[in-house]
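Heads up, the thing below is written out as structure tokens.
All chains are named by letter (A, B, ...) in the order of the sequence lines, taking the proteins before the strands, and each is independently numbered beginning at 1. All values reported here derive from a predicted model rather than from experimental measurement.
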Amino acid sequence: MNNPDHYDHKAVEAKWQERWEKQRTAEVDLRHAQGKFYMLNMFPYPSGDRLHVGHGRNYILGDALYRYLRMRGKRVLNPMGWDAFGLPAENAAIQRGVHPSDWTFNNIRVMKEQFRRWGILYDWSKEIASCVPEYYRWNQWLFLRLLEKGLAYKKKAPVNWCPSCQTVLANEQVEEGRCERCGSEVVQKDLEQWFYRITDFADRLLAGLDDLPGWPEKVKIMQRNWIGRSEGAEIDFPLPALEEKVTVFTTRPDTVHGATFLVLAPEHPVTAALVARHPEREALERWVEQVRNTPRIQREGEDTPKEGRDLGVKAINPASGEEVPVWTANYVLPDYGTGAIMGVPAHDERDLAFARQEGLPVRLVYHRTPDETADSLVEANQHEGTIANAPPFDGLTSSEETVKKFIAWLEEKGWGRGKVTYRLRDWLISRQRYWGTPIPVVYCERCGMVPVPDDQLPVALPYDVEFTGREGNPLSRSKAFVETTCPRCGKPARRETDTMDTFVDSSWYYLRYLSPKDDTRMFAPEMANKWAPVDQYIGGVEHAILHLLYARFVCKVLHDFGMVAFEEPFTNLFNQGMITRFSEKTGRVEKMSKRRGNTVSPDELIERFGADTERVYTLFIGPPEREAEWSDEAVAGAYRFLNRLWRTAEKLDEAPPNAPSDRELERQRHATIQRVTHSLERFSFNTAVAALMELSNALARALEEQTASRLVCDETFDTLLQLLHPMAPHVTEELWERRGHLENLLDTEWPSYDEAKIRRVRITLVVQVDGKLRDRIEVLADADEAEVRAAALASDRVREHLTGRELAKAVVVPGRLVNLVTRKTA
RNA sequence: GCGAAAGUGGCGGAAUUGGUAGACGCGCAAGAUUCAGGAUCUUGUGGUCGCAAGGCCGUGGGGGUUCGAGUCCCCCCUUUCGCACCA
């Protein structure tokens, strides 16, 4: 590249990357935490695909922030690691015959090199990978503690099974009835599975959100919805036929008198009992089976059509004393509330639809008008009116108070009790796959399930395993792994072959960075309490629920164990938006991905324009929290900008010793420092780059027109390099060095601005006619009296109202807001 | 259906939070350079009327508050995202 129009970005970038690596620029001695700032990018999964510029946005953003904070004098820890367990590694093994471990470490090598080429500074001395025994043994250790406390347990339950991935999925991993990873339709299976009791923490997870002002509102709302707290009551409906009770959950116990039927989920145990004694038993069994295997959730839009069967017995509504029929229907979910509801068609849309469809009676509790009847009901009456025919509550109107009175009454009568229900389910952590953390328990014929003792950890994955793609977990076919002895009695025993969900790995990794090599404990609490919680966490919104909820849960557990002093792992959270681009395959602008064939390779981009160009363009593309469309053409703009900067450096010595408009360039220089500083505080990198382009243009113009002095041009240029460094680290370091500065640019102090130099005064002229306010005129000018006058005089609006003589007489005081009261002569 | 965010030139987007709308960049146009293309540089670029000076219109639509509204209030429309039979 001998073209004089371009600087040699390849040489410059290689030079600085090598120097940063050699000097271990990003390494932090964790023993000193004075002025600490812990920032963290979500650690990536080392998949076989090379990172594209869409991924780059995430890391470039983090690095720019890192460099900025460092220049602000913070002691910044910015570590990186690998979320290295997971399905793709195993699939690669099946498809290509590579061992998941070898495949993963090779990918790590490749990705690490990509980070280097972006000029990203991570403290690699703290690197972790979740797939090594030194890491995952602590997953096992934590599992054992949870088991001791009853927070980990095994139960047989209907679970989501992905037939394509051959494993179960957590609720959080099912989207619209499909596997979030491969898109296959998920089926329900009854399996023995391991769970973490996250539901015990539902209230704390909910309350904790209020202490996170640094989190996007959107994420907090999503978590609140996911936890789905609702207050109401459980009510027992006697079922004489079975000599037991059916308990329902409702948020509207005040409508209990209007319950004209019960509906049980098809999965409800009482359903099974009633089906068994039903005359049409076989037909009903077939129907139940079919409902259970049909996903409840429709693709989009409408609800699944309601379908139900009369189970042929009556229950007793305790409030009204009436007999009500007991049904089972597909619109009642088995795992919410008690899996059974009271049907109150008058006051619930769904119950009304079902009652109308099946010809079930409707009974009003609340009346909006005295003559309102059940037949006149067009749609369910949700919240309005006055109670009638529901002694002893007649005359009450719908309110929280009324609900409380009903609950108290139900409790007094022994018919029910107040109850809070959550949508949140326990976290299903078992996976029937090889490439994950083995669950450390063994099964002994004599002792049953026995936890592996701490001193036998880690339970390591065997390397020598066959990956055939046949059904079942490859781990269960490894004799060397499965066959063991009982730690309690020494008799032959079998190991658990389920492995843990990879979200277990990522639920506490931020703590491991703080003592990555400690082989005596999960992490060092004294370090954790010095450096954690994470001050700034950066990652995609796709983790708004899964990862972030689990990490918050585990943090609270560790807090309860006395291992950390805090309850929330991430103080500030930033979700960067996705990069999109037109896809030839789909014909639409979509998220950049290999599958859609719309990726842009940073390797080629860096080859042609350099990493700094990609960085500047990526940060300039738009507000980082929003989605942005990649433009192949617009990249050139960033490239031109950097080259112009390079050329400007060569012209600096042409500036004259003295020049007329120093003041204007000075003003702009200080204003730019202010703008860039404020922009970076708000993650507004796009406007920061714009401000720097403006300053760069102004400097180039001043040099061209010889209007600013050498001294001011030099100062302006140095400031430009400093402010630009977080965005374009290589080229700025190179220019900085060439200008004879001895210290690395990254280690310089962020420039400060002089408010007095940049102040523009806003002057408000109040125009009064005969003592009455007529108009108020604002004039913007530099903080100089003469200029204020000139600006005021130049204002058309002023001329409309005031004569020149009046203005000349007026006293102008420089300041933030100045009133210039005068009177208009008619 | 519920919840949240957002609608500004041909495009991505600015607007010191009520004070010169369209910064910065892309694209486009003209010119310079070049055998040519590309690259680079300079100038121009919201719409409209005008030779020009300048005028008028203009931030999804309609009202309102204000000397002044992209910004505040009310009513609509559209788009995106999240949740969705949660009783």
D254(A) CG to K404(A) NZ distance, which is reported to the nearest 0.5 Å: 12.5 Å

What's the closest nucleotide to the side chain of [X] if the choices are [options]?
X	options	value
R647(A)	rU40(B), rC85(B), rA87(B)	rU40(B)
R682(A)	rA15(B), rC81(B), rA87(B)	rA15(B)
P623(A)	rA39(B), rG3(B), rG13(B)	rG13(B)
Y331(A)	rG13(B), rC83(B), rC85(B)	rC85(B)

Chi-based syn or anti call at rU17(B), which uses purine or pyrimidine torsion atoms and a 90° bound: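 Syn, angle within 90° of zero.
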
Mate of [N] where both pairing distances stay under 3.5 Å, Watson-Crick or G-U:
N	answer
rG46(B)	rC57(B)
rA32(B)	rU40(B)
rA52(B)	none

Under-4.0 Å salt bridge between R667(A) and E664(A):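 Salt bridge present between R667(A) and E664(A).
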
Test: R675(A) and E694(A) ion pair at under 4.0 Å: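 So R675(A) pairs with E694(A) through a salt bridge.
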
Parallel, tilted or perpendicular: rings of Y366(A) and H347(A) (30°, 60°): perpendicular

Sugar-phosphate, base or nothing in reach of I621(A), heavy atoms under 4.0 Å: sugar-phosphate

Which residue lies more 5' along RNA chain B, comparing G337(A) with I221(A) via nearest heavy atoms: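 Looking at RNA chain B, the more 5' nearest nucleotide goes with I221(A).
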
Along RNA chain B (nearest heavy atom to each residue), the more 5'-positioned of D351(A) and A628(A):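 Nearer the 5' end of the strand: A628(A).
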
No-H, no-angle donor-acceptor pair, K218(A) side chain to rC81(B) base, under 3.5 Å: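 Between rC81(B) and K218(A), which were checked side chain against base, a qualifying N/O pair under 3.5 Å is absent.
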
Base versus backbone protein contacts along nucleotides 23-32 of chain B [heavy-atom cut-off under 4.0 Å; B, S, -]: BBSSS-----

